[in-house]
Amino acid sequence: MEEWVRPLGKRTKNPAVVNTVCTRGTGLQKHFRYPSRFLLSSVLQRSLLAPMVWILMTLLDGKCFICAFSMNVDPKYFTGIPNSTGLELIKIMAKVPCKEDVIFKNSSFRKAVSRYVRCYSQAIGWSILLFFIFLGAVGRVLKPCFNHATFLQTRYWSNYLDIEQKLFDETCVLHARDFARKCVVQFFESMREDVTVRMPLSSAFRLSTIHNEYEEEEDEHLHGITRHDQVDHLLQTWYECKPELDVTRMAYKPKVCITWEDINGKALFSEV
């Protein structure tokens, strides 16, 4: 749904995630705007896994089933029933889940009813489990009948969207941390006093180098975005106009080569 409702921007909506496979006609590419059956099945499997496990465990245990349906059991099929009729008998059947009740003292009636209802509960649980096993087996058998390349494309781009969002969140955390540090340091700058430190030239050069490297690393995280309105504009741009999926500019990014020369202009060594 996020991919479907987002603004188009520079990146077209991913047909592998939003739509089914597009077919090629006579020189034209026709897009069919139907939900992807692969993505739908994946979402259903992930969302139903946890609740179905809990439901199956509950049915196989049977205690909840006993509490819910003990009053629906006909007591005439069991021996040892207390001498009660009408409303009193309904109350007795409702107390079947209660083991310590004095009504069932020295009586096998409660255990018989509980065992009877639990058998029904376990039968339903095993039936659902076997149905899902059969459904999964049929799905595995029929899977090669569909376009496997389309399935791989859908899975790849679905994973890409998840990873892209995680990386964006991590980058936002780094940026927010450096942004907050800058704001806090600026707030407390008035509390700091200027200190003059005298040291040898080599030590001063090394200290300034470390300080400059730290500032460059921090500025690299900030990416030149240092104001509230710039951050808001960046986040709005990311939502409305995501970058297109093209990494060729990064693959062919030119490298800077620094050549060290002596006084006479002779190259000593180079580094990238």
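Atom set for the values below is all heavy atoms of this structure, side chains included, hydrogens, waters and symmetry mates excluded. Values in this document were obtained by computation on a predicted structure and should not be read as measured data.
The two residues D61 and R118 come nearest to each other via the heavy atoms O-NE, 3.3 Å. For the pair S121 and T58, the tightest heavy-atom approach, listed with the atom from each and the gap, is OG-O, 4.2 Å. Taking both residues in full, the closest heavy atoms of V73 and M93 are given as O-CE, 3.7 Å, listed atom of the first, atom of the second, then distance. Of all heavy-atom pairs spanning M52 and I128, the tightest one is CE-CG2, 3.8 Å. Closest of all the heavy-atom pairs between S70 and P97 is OG-CD, 4.0 Å.
With side-chain heavy atoms closer than 4.5 Å counting as contact, directly or through intermediates, the hydrophobic cluster containing M57 also holds L49, V53. Listed by chain and number, the hydrophobic cluster partners of Y239 come to none, as no ILVMFWY side chain reaches under 4.5 Å of it.
Looking at residues two or more places apart in sequence or on another chain, you find no side-chain hydrogen bond (donor to acceptor under 3.5 Å, both in side chains) involving N72. Contacts of E164 classified as salt bridge (Lys or Arg N to Asp or Glu O under 4.0 Å), with partners at least two apart in sequence or in another chain: R11. Residues satisfying the salt bridge (Lys or Arg N to Asp or Glu O under 4.0 Å) criterion with R46, sequence neighbours excluded, are absent altogether. Looking at residues two or more places apart in sequence or on another chain, you find no side-chain hydrogen bond (donor to acceptor under 3.5 Å, both in side chains) involving R140. The side-chain hydrogen bond (donor to acceptor under 3.5 Å, both in side chains) check on Q236 picks up E240, with sequence neighbours excluded. Under the rule for a side-chain hydrogen bond (donor to acceptor under 3.5 Å, both in side chains), the partners of Q165 that lie at least two apart in sequence or sit in another chain are D169. Partners of F132 according to the ring pair (Phe, Tyr, Trp, His ring centres under 6.0 Å) rule, which considers only residues two or more places apart in sequence or in another chain, do not exist here. Scored by the side-chain contact (heavy atoms from CB on, under 4.5 Å) test, I163 finds L167 as partners (sequence neighbours excluded).
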Practice item. Mind running side chain to side chain contact (heavy atoms under 4.5 Å, CB included) on L235 and F168 for me, showing each step along the way? Key: CA-CA 10 Å; L235 297 177; F168 183 77; 3.8 Å; yes

Point to revise | Worked verdict on V138 versus F134 for side chain to side chain contact (heavy atoms under 4.5 Å, CB included) | key: CA-CA 6 Å; V138 171; F134 175 77; 3.7 Å; yes

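For residues 47-57, no pair satisfies salt bridge (charged side-chain N to carboxylate O under 4.0 Å, His left out), with sequence neighbours left out. A salt bridge (charged side-chain N to carboxylate O under 4.0 Å, His left out) check over residues 222-232, counting only residues at least two apart or in different chains, returns the pairs R227-D229.
Under the 4.5 Å side-chain heavy-atom criterion for Ile, Leu, Val, Met, Phe, Trp and Tyr, L48 and I133 are members of the same hydrophobic cluster. Using a 4.5 Å cut-off between side-chain heavy atoms of Ile, Leu, Val, Met, Phe, Trp and Tyr, with links allowed through other members, V173 and I225 fall into different hydrophobic clusters.
Ring geometry for Y116 versus Y120: interplanar angle over 60°, hence perpendicular rather than tilted (30 to 60°). Between F179 and H175, the two ring planes are parallel [angle under 30°; tilted spans 30° to 60°].
Interatomic distance, L135 CG to L130 CG, rounded to the nearest 0.5 Å: 12.5 Å.
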